[in-house]
Number of protein chains: 2
Amino acid sequence: MEAKAFQDSYPDDASHCYGCGRFNARGLQIKSYWEGDEAVCHFTPKSYHTAIPGYVYGGLIASLIDCHSTGTASAAARQRETGPEGSGPAAMFLTASLHVDYLKPTPIDATLEVRAVIKEIKGRKVVVASRLIAAGKICATGEVVAVEVPEHLMPR
Amino acid sequence: MEAKAFQDSYPDDASHCYGCGRFNARGLQIKSYWEGDEAVCHFTPKSYHTAIPGYVYGGLIASLIDCHSTGTASAAARQRETGPEGSGPAAMFLTASLHVDYLKPTPIDATLEVRAVIKEIKGRKVVVASRLIAAGKICATGEVVAVEVPEHLMPR
């Protein structure tokens with residue numbers, strides 16, 4: 001049985017995100033999972049996700065880091081509330097800030113892996129550090145400050 | 001006569017970028033122009049560029065800031081080389097780092113405006129500061145460190 005992705009626990013009404021909404025047919029449909037203390041997502045770029053020919057568009061990398069990090073924040077907050085086996089709907093997180101360092105050009109003919117760890121979790125704020133790996137090399141690193149979505153912004 | 005966008009001066013072989021390549025039919029086709037000392041781009045999000053319902057996906061905002069900033073770096077470098085009326089092919093810039101602060105949720109039913117200024121230009125490096133405005137409010141700010149694309153990465 002495959003583990004459930006973090007994003008599969010988001011409420012239906014909040015699952016239309018271009019990056020990770022399971023109901024967004026035009027979107028990237030990013031899926032994130034725990035591997036021990038790290039959260040991992042894999043993504044295979046399409047040929048049109050190019051920057052200069054042969055390399056992945058930086059905005060796609062930023063998008064993967066963004067949604068993978070808010071997903072990881074959500075999963076970590078749920079673990080804090082309910083323990084490692086916790087289920088039920090997950091709190092949603094939005095991005096307060098996003099930082100990406102592009103260390104080297106990312107080859108477009110590789111499956112991209114983003115690995116994230118929780119750097120800080122305090123109240124409604126979670127800081128997530130990540131790295132993007134392609135063909136065995138770290139091509140970018142990211143840091144996202146995620147904040148739980150305020151009640152008045154949640155769809156109902 | 002409409003002014004030529006910065007991205008229209010990129011070499012043909014380097015104009016397939018998902019964010020700003022004029023030959024990328026699936027891409028965002030961002031266009032940037034000078035308005036005095038500021039560079040401006042406008043973008044109307046599609047309905048599928050959503051985050052939580054009603055608001056723009058943060059990865060799209062990062063993408064707009066990214067390509068508008070590298071475009072602005074390219075245009076500024078060209079002005080430095082050839083003066084304000086300079087023409088000919090533009091040097092291309094890649095993103096060394098991208099930082100976005102999301103100040104408030106960005107409404108999806110608005111035309112987005114990104115306004116950028118050159119913060120620093122030195123050798124092959126240009127630092128570009130920007131703000132994203134929707135419905136009259138600054139919803140995000142960005143800072144991009146852009147570096148001229150090394151010769152060996154340029155397509156030919």
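Note on naming: letters A, B, ... go to the chains in the order of the sequence lines (proteins, then strands), and numbering restarts at 1 for each one.
- Heavy-atom pairs under 4.5 Å with chain B were tallied for A/T95, A/V145, A/I52, A/I61; the largest tally goes to A/T95.
- Side-chain N/O atoms of B/D101 and B/H99 include a donor and acceptor closer than 3.5 Å.
- With hydrogens and angles left out, the side-chain atoms of B/T111 and B/H42 include no donor and acceptor closer than 3.5 Å.
- Heavy atoms closer than 4.5 Å to chain A are found nowhere in B/L103, neither backbone nor side chain.
- The most heavy-atom pairs under 4.5 Å with chain A, out of B/V100, B/L153, B/D13, B/L98, come from B/L98.
- Here A/C17 is the residue among A/C17, A/G59, A/G142 with the most heavy-atom pairs under 4.5 Å with chain B.
- Among A/A62, A/C67, A/S15, A/A51, the residue with the largest count of heavy-atom pairs under 4.5 Å with chain B is A/A51.
- For B/N24, the part lying near chain A is the side chain, with the backbone staying farther off; criterion is any non-hydrogen pair under 4.5 Å.
- Residue contact with chain A, scored on non-hydrogen atoms closer than 4.5 Å, involves the side chain of B/Y55 exclusively.
- Rounded to the nearest 0.5 angstrom, A/E113 CD and A/L132 CG are separated by 8.5 Å.
- Salt bridge status for A/E38 with A/R131: present, with a side-chain N to carboxylate O gap under 4.0 Å.
- Contacts between A/V149 and chain B at a heavy-atom distance below 4.5 Å involve the side chain alone, from C-beta outward.
- Listed options B/G19, B/G58, B/C20 were ranked by heavy-atom pairs under 4.5 angstrom with chain A; first place goes to B/G19.
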Let me see the working for A/L28 and A/F43 under side chain to side chain contact (heavy atoms under 4.5 Å, CB included), right down to the final yes or no.
CA-CA 9 Å; A/L28 304 174; A/F43 187 85; 3.8 Å; yes
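- Within the 4.5 Å cutoff, the side chain of B/S74 has heavy atoms near those of the B/Y10 side chain.
- A/Y57 touches chain B through its side chain: at least one heavy atom from C-beta onward sits under 4.5 Å away, while N, CA, C and O do not.
- Ranked by heavy-atom pairs shorter than 4.5 Å toward chain A, the options B/P53, B/G21, B/A14 are led by B/P53.
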Pair B/H68-B/S32, side-chain hydrogen bond (donor to acceptor under 3.5 Å, both in side chains): steps then yes or no:
CA-CA 6 Å; B/H68 180 56; B/S32 307; 2.7 Å; yes
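- With hydrogens and angles left out, the side-chain atoms of A/S130 and A/R115 include no donor and acceptor closer than 3.5 Å.
- For chain B, the option among A/K104, A/M154, A/K46, A/H49 with the highest count of heavy-atom pairs below 4.5 Å is A/H49.
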